[in-house]
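Predicted model only: the values in this text are computed from it and were never measured. Numbers restart at 1 for each chain; the letters A, B, ... are given by sequence-line order, proteins then strands.
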Amino acid sequence: MIAGIENIEKEISSVLKKYEILDNIEIRYSNLNNVDLQCNNLVKYSNNINLSSIKTDLISLIKENQLIESIEINEKNFINMNFSNQYFFEYSQSIAERIKHTQNYSIIFDYGGPNIGKDLHVGHIRTLNIGRSLYNIYKLAGNKVVSDIHFGDWGMPVAQIIAYIEHNNLDLEMLDYEDLETIYPKANQLSSENKDFYNTAKSIAMQLNSKNENYTKKWETVYNLAIPNIKTLLDKLRHKFDWYFGESDVVNETDLVVSKAIDEKRVKKDDGALISTQEVDPPILITKSDGSYLYLTTDLGTVLFRENKSSFDKYIYVVDSRQENHFKQLFTTVKHFGLSNSDFFHVGFGTINGSDNKPFKTRDGGVYKLNLLFEDIKEKLKKYNSDDQVLNTLTNTVLTYSDLLPNRNQNYIFDVDKFTDINGKTGIYIQYAQVRARKLLDSSTKPGSYNINYEINSEERNLLLLITKFDYFFNLSLINMEPHHLAEYLFNLSQAFNSFYTNNKIFSDKIPIETQINRIKIVEEFFKTISLVFNCLGIEAAESM
RNA sequence: GCUCUCGUAGCUCAAAUGGAUAGAGCAACAGACUUCUAAUCUGUAGGUUGUAGGUUCGAGUCCUACCGAGAGCGCCA
């Protein structure tokens, strides 16, 4: 989607129609230097007998178009065009307005998914960043969006914690959050080693489901210990959700899903467990042999819970790619059980690795907690600034931008030194460009408006061209649910601005006033655009650096 | 064994869903500060896109086979 070219496509189409060429005409940005747009439709008609008159007709028609400065059809029959200055002045403005009505769906985003007992760690970065970014992008496109954090606050993990506390006669009331963090890994390990302990935990999980008073009370204590802590860290990382529901909120719905499936004979017994009647390999397990619930069961209950709360056109789950099979099973079962008619998407992503290309750990091989990573990055950034607020913003920028830059399908290597450098494709580089523009605008008293007779130079042209390309990259990210297109664009935009900035002075007696006014207007449109991209990616702009 | 993701410059990554001469950033080399902050900018060099076929005007992109890396595969989440 390129802003403002629909009429040019129509014009080309009308010419080709006269010669009985009925192709769907597509104009695209060109990779070539010195060519803005290209149209490839004519290439395959090299043997058409009317070719030379087609060319003549096309050139004479397009030459009339005010948005196009030049058109050329080369020997291979590529149609090459360049934008006029008028195009840049017209389409570098009102970008946010243009994208506002791209879509109109009601969408729920399920991402984050922190678990009780496990502090947020490196593994949570991608779901949080990609989720927040897609939420923002879809919102800006005009959709009605809801985000739900989907806490992992139920089932075996929390039952294991309670079992461990009982097993070791710990006083639940005396525990603090740090204790909880050390308990869960131990409880989890014990559960896999000790059959009796495992059975105890499983029994607690079942009793929680049947609302046993004693365990519900203990669960509440654990919950109230863990959740505020998670929320505090999320706040520090600038993550907000519309809904903070968790697995614990959907217990009734999960019961309903299972009993309804039994009534409707959509499940059958298999070694005591319930499996879906869908003929798939492997079979889809709905409940364990003792009747207790699984990850999938709870997710089915969550769908019913959400259906009861509101109506969504799309469900988007931002969860790592390793769970692809789980989501395939979930989506097919949702349809099989008749729980929802909506479209379901799993947005997967790869793992974050260390420089050894193995999962990212601390130096001594432990789990890299997000809080610690935040502080480690912040420490590296102190060379740029001493203001704590600014440092927090920059730290969050590094955590976000570095993560959104690679294609989400791939694993990537988290290199703290590289990501905190001001040179290169980094969060610090883009913030610096933004701060430079901000300072120019702050010190400007000139009104911002274009003089369309102004002849632009190459740096100004590059910057304006990139600004008008926003729509294209926005749509690429939107349609593919891939924020990296906008992240890459953000770097190129910043780079074009820095080049413009270095080579074009504004506030100087030597610069004509008319040039000053036009340049300030360009800076203004750049600033509006980069702010919009920041918004899309979930990056907060630094006030100063 | 089956399924999924991936393989692009020394390193880290893009590449418009099939378009022209495959682009950036690091690192390397060579330049630019009396400045709206050089925290930047401007150049140079770097490639048989894992291998072999195929499809067509045209393939990093689609198809087939093979090689290599990572991940998942019934009662954890």
Quiz item: Taking atom P of B:G7 as reference, at what distance in whole Å does atom CG of A:Asn411 sit?
Solution: 11 Å
Give each protein N/O atom lying under 3.5 Å from an N/O atom of nucleotides 24-28 of chain B, with the pair distance.
| residue | atom | partner | partner atom | Å |
| --- | --- | --- | --- | --- |
| B:A24 | N3 | A:Lys425 | NZ | 3.4 |
| B:G25 | OP1 | A:Gln495 | NE2 | 3.0 |
| B:G25 | O2' | A:Lys425 | N | 3.2 |

Quiz item: On a plain distance test, is the side chain of A:Glu324 in donor-acceptor contact with the base of B:A71 below 3.5 Å?
Solution: no
Self-check item: Under-3.5 Å donor-acceptor pair between A:Tyr472 side chain and B:A16 base
Solution: yes
Quiz item: Hey, where does RNA chain B pair up into stems, meaning at least three consecutive Watson-Crick or G-U pairs with distances under 3.5 Å?
Solution: B:1-7 with B:67-73, B:10-13 with B:23-26, B:28-32 with B:40-44, B:50-54 with B:62-66
Can you tabulate the close N/O pairs, meaning under 3.5 Å, that link protein atoms to atoms of nucleotides 55-57 of chain B?
none

Quiz item: Does any residue of residues 502-518 of chain A have a heavy atom under 4.0 Å from RNA chain B, and if so, which ones, in number order?
Solution: A:Thr502, A:Asn503, A:Asn504, A:Lys505, A:Ile506, A:Phe507
Quiz prompt | All side-chain contact (heavy atoms from CB on, under 4.5 Å) counterparts of A:Phe360, not counting sequence neighbours | solution = A:Val122, A:Ile352, A:Tyr368, A:Leu373, A:Phe414, A:Val416
Quiz item: So does A:Arg322 get a side-chain nitrogen or oxygen closer than 4.0 Å to the phosphate oxygens (OP1/OP2) of B:C4?
Solution: no
Practice problem: May I ask you to evaluate whether A:Ser499 reaches the phosphate of B:U42, defined as a side-chain N or O under 4.0 Å from OP1 or OP2? | Solution: yes
Practice problem: Scan A:Asn475 against the nucleic acid and name what it touches under 4.0 Å (heavy atoms): base, sugar-phosphate only, or nothing. | Solution: nothing
Quiz item: For A:His336, which residues count as a side-chain contact (heavy atoms from CB on, under 4.5 Å) partner, sequence neighbours excluded?
Solution: A:Arg266, A:Ser276, A:Thr277, A:Gln278
Quiz item: Does A:His484 put a side-chain nitrogen or oxygen below 4.0 Å from OP1 or OP2 of B:A15?
Solution: yes
Quiz item: OP1 or OP2 of B:A20 sitting under 4.0 Å from any side-chain N/O of A:Asn31?
Solution: yes
Quiz item: Which part of the nucleic acid, if any, lies within contact of A:Ser46, taking any heavy atom under 4.0 Å across all strands shown: a base, the sugar-phosphate backbone alone, or nothing?
Solution: nothing
